[in-house]
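Since the structure comes first, as structure tokens, the remarks are kept for the end.
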Amino acid sequence: FQTIQMKVFVINQDADADKLALQSRQMDALGLNWARIGATTLDTITPPSDHKFWRRWHRIITSSEKVQFASHFSAWQRVLHSGQPGLIIEDDILLASGIHEFLNQIAEMTVPQHITIQASDNKKLVSKTLDADVPMRRIYQDYTGSAAYVLFPLGASKMISRAAKVVVAPIDAAISDARDLVSFQADPALATHMDDSDTKNRFALPETVKVNSYNRLVFRCRRINAQLAKGINFLAYRPISVYRTVSVATKWPDLGLKK
């Protein structure tokens with residue numbers, strides 16, 4: 001392969017040197033241009049974890065979810081500052097052999113602002129047909145898929161603006177709830193977790209979350225409003241879409257792991 005221009009940003013915790021080594025092997029095998037983004041910790045998170053910035057969703061966001069969100073936020077900033085689309089992955093992600101061709105196909109596209117390439121067991125509301133030029137479908141409603149996605153500069157700008165002005169949420173919800181984001185799903189999916197583990201567990205931190213009665217009511221009202229918005233969105237796009245799971249690529253590089 002020739003090294004392509006689109007950069008891959010790998011979010012990696014300092015303690016996960018083995019996963020970083022695996023990613024280095026994977027990037028070399030696939031001919032990808034990549035850079036490490038050090039995962040945020042509670043010691044480095046901005047603003048601090050007790051700041052009101054983190055209390056705007058419809059429940060308390062855990063410390064694990066805060067550092068995960070902040071890590072992705074750093075990647076969004078890198079994409080925005082570069083002025084070029086970038087593939088953002090967490091360090092437990094495996095990429096299919098077709099990723100190189102796919103990234104070349106989408107590198108100059110102007111319509112997409114976000115493309116998830118991750119496999120998921122959850123159904124998504126997607127377009128009935130594939131894009132005319134690239135194997136992907138328009139997403140109208142999604143719920144997961146934040147461990148591997150391409151973000152374009154306009155998409156990065158929207159996500160950064162939403163964090164500042166609208167809401168901060170667990171990373172899956174932060175992306176899937178951004179309905180002004182023009183999102184697509186690679187079909188077949190070109191990424192999967194190497195061990196099928198829950199991504200949230202990788203950022204897990206011990207904690208006890210306490211919520212008083214007033215905040216519990218506020219959160220409940222926010223949650224009801226969010227669910228109503230999702231329901232209205234689902235009904236609005238259902239006539240032009242299908243509710244389905246996405247197929248997964250069949251060819252994967254041999255990195256010495258069982259796929």
Could you please spell out the steps behind the side-chain contact (heavy atoms from CB on, under 4.5 Å) verdict for Met136 and Ile115?
CA-CA 8 Å; Met136 63 184 189; Ile115 305 172; 3.8 Å; yes
Just checking, any donor-acceptor pair under 3.5 angstrom between side chains of Glu90 and Gln68?
yes
Hey, can you tell me if Tyr140 and Tyr237 have their rings parallel, tilted or perpendicular (30° and 60° cut-offs)?
parallel
Quick one: does Arg78's side chain get under 4.5 Å of Ile88's, heavy atoms only?
no
Between the side chain of Gln26 and the main-chain N/O of Ile93, is any donor-acceptor distance below 3.5 Å?
yes
Inspect the contact between Asp50 and Lys66 and indicate whether a charged nitrogen and a carboxylate oxygen are less than 4.0 angstrom apart.
no
Quick one: CG on Leu125 to OG on Ser241, what's the gap to the nearest 0.5 Å?
3.5 Å
What is the distance from atom CD of Gln185 to atom CD1 of Ile139, rounded to the nearest 0.5 Å?
5.0 Å
Among the clusters formed by ILVMFWY side chains lying less than 4.5 Å apart, do Val10 and Leu190 turn up in the same one?
yes
Check for me, please, whether Val182 and Leu130 land in the same ILVMFWY cluster - side-chain distances under 4.5 Å, paths through other members count.
no
Ile240 side chain near Lys128 side chain, heavy-atom distance below 4.5 Å:
no
May I ask you to check whether Gln84 and Lys7 show a side-chain donor-acceptor distance below 3.5 Å?
no
Polar contact flag, side-chain donor to acceptor under 3.5 angstrom, Lys158-Gln113
yes
Quick check: does any side chain N or O of Ser49 sit under 3.5 Å from a backbone N or O of Ile45, one acting as donor and the other as acceptor?
no
Hydrogens and angles aside, do Asp187 and Ser247 bring a side-chain donor and acceptor to less than 3.5 Å of each other?
yes
Determine whether the side chains of Thr41 and Thr44 contain a donor N or O and an acceptor N or O closer than 3.5 Å.
yes
Could you walk me through whether Met109 and Ile106 pass side-chain contact (heavy atoms from CB on, under 4.5 Å), step by step?
CA-CA 5 Å; Met109 297 187 78; Ile106 65 172; 3.8 Å; yes
Would you say the side chain of Asn104 lies within less than 4.5 Å of the side chain of Met6, judging by non-hydrogen atoms?
no
By ring pair (Phe, Tyr, Trp, His ring centres under 6.0 Å), Tyr143 pairs with (sequence neighbours left out) none
Strictly distance-based, threshold 3.5 Å: is any side-chain N or O of Ser71 a donor or acceptor partner for the main-chain N or O of Val67?
yes
Please report the C-alpha distance between Phe69 and Trp57 in whole Å, then the side-chain angles of each, then the deciding distance to 0.1 Å, and finally whether the ring-ring contact (aromatic ring centres under 6.0 Å, His included) criterion is met.
CA-CA 13 Å; Phe69 178 92; Trp57 198 46; over 10 Å; no
Ring-face cation contact, Phe53 with Arg56, 6.0 Å cut, 45° max:
yes
Run the side-chain hydrogen bond (donor to acceptor under 3.5 Å, both in side chains) test on Gln118 and His193 for me, step by step, so that the C-alpha distance in whole Å, both residues' side-chain angles and the decisive distance to 0.1 Å come before the verdict.
CA-CA 9 Å; Gln118 185 178 346; His193 289 290; 3.3 Å; yes
Taking the six-membered ring for Trp, are Phe234 and Tyr243 ring centroids under 6.0 Å apart?
yes
Separation of Lys124 NZ from Ser176 OG (nearest 0.5 Å)
9.0 Å
His100 vs Leu95, test: side-chain contact (heavy atoms from CB on, under 4.5 Å). Steps then yes/no.
CA-CA 9 Å; His100 190 281; Leu95 299 172; over 6 Å; no
Going by an N to O cut-off under 4.0 Å, is there a salt bridge joining Arg179 and Asp142?
no
Would you call Asp91 and Leu22 a side-chain contact if the rule is heavy atoms closer than 4.5 Å?
no
Following the transitive rule for hydrophobic clusters with a side-chain heavy-atom cut-off under 4.5 Å over Ile, Leu, Val, Met, Phe, Trp and Tyr, establish whether Val248 and Val126 coincide in one cluster.
no
For Phe9 and His72: C-alpha separation, side-chain torsions, deciding distance, then whether ring-ring contact (aromatic ring centres under 6.0 Å, His included) applies.
CA-CA 10 Å; Phe9 296 104; His72 281 261; over 10 Å; no
State, yes or no, whether a side-chain contact exists between Ile175 and His114 at a heavy-atom distance under 4.5 Å.
yes
Report yes if the side chains of Trp34 and Leu30 come closer than 4.5 Å at any heavy-atom pair, otherwise no.
no
Can a donor-acceptor pair be found, under 3.5 Å and without considering hydrogens, that links the side chain of Ser127 to the backbone of Arg138?
yes
Hey, is the main chain of Asp16 close enough, under 3.5 Å, to the side chain of Asn12 for a donor-acceptor pair?
yes
To the nearest 0.5 Å, atom CZ of Phe102 lies from atom OG of Ser97 at 15.0 Å
Under a 4.5 Å side-chain heavy-atom rule over Ile, Leu, Val, Met, Phe, Trp and Tyr, are Ile160 and Leu154 clustered together?
no
pair Met159-Gln77: side-chain heavy atoms closer than 4.5 Å
no
Answer yes if Val8 and Val134 sit in the same cluster of Ile, Leu, Val, Met, Phe, Trp and Tyr residues linked by side chain heavy atoms under 4.5 Å apart, and no otherwise.
yes
Hey, are the side chains of Leu151 and Tyr149 touching, using non-hydrogen atoms and a 4.5 Å cut-off?
yes
What's the spacing between Met27 CE and Arg25 CZ if we round to 0.5 Å?
12.0 Å
Without swapping roles, check the side chain of Trp54 against the backbone of Pro48 for a donor-acceptor pair under 3.5 Å.
yes
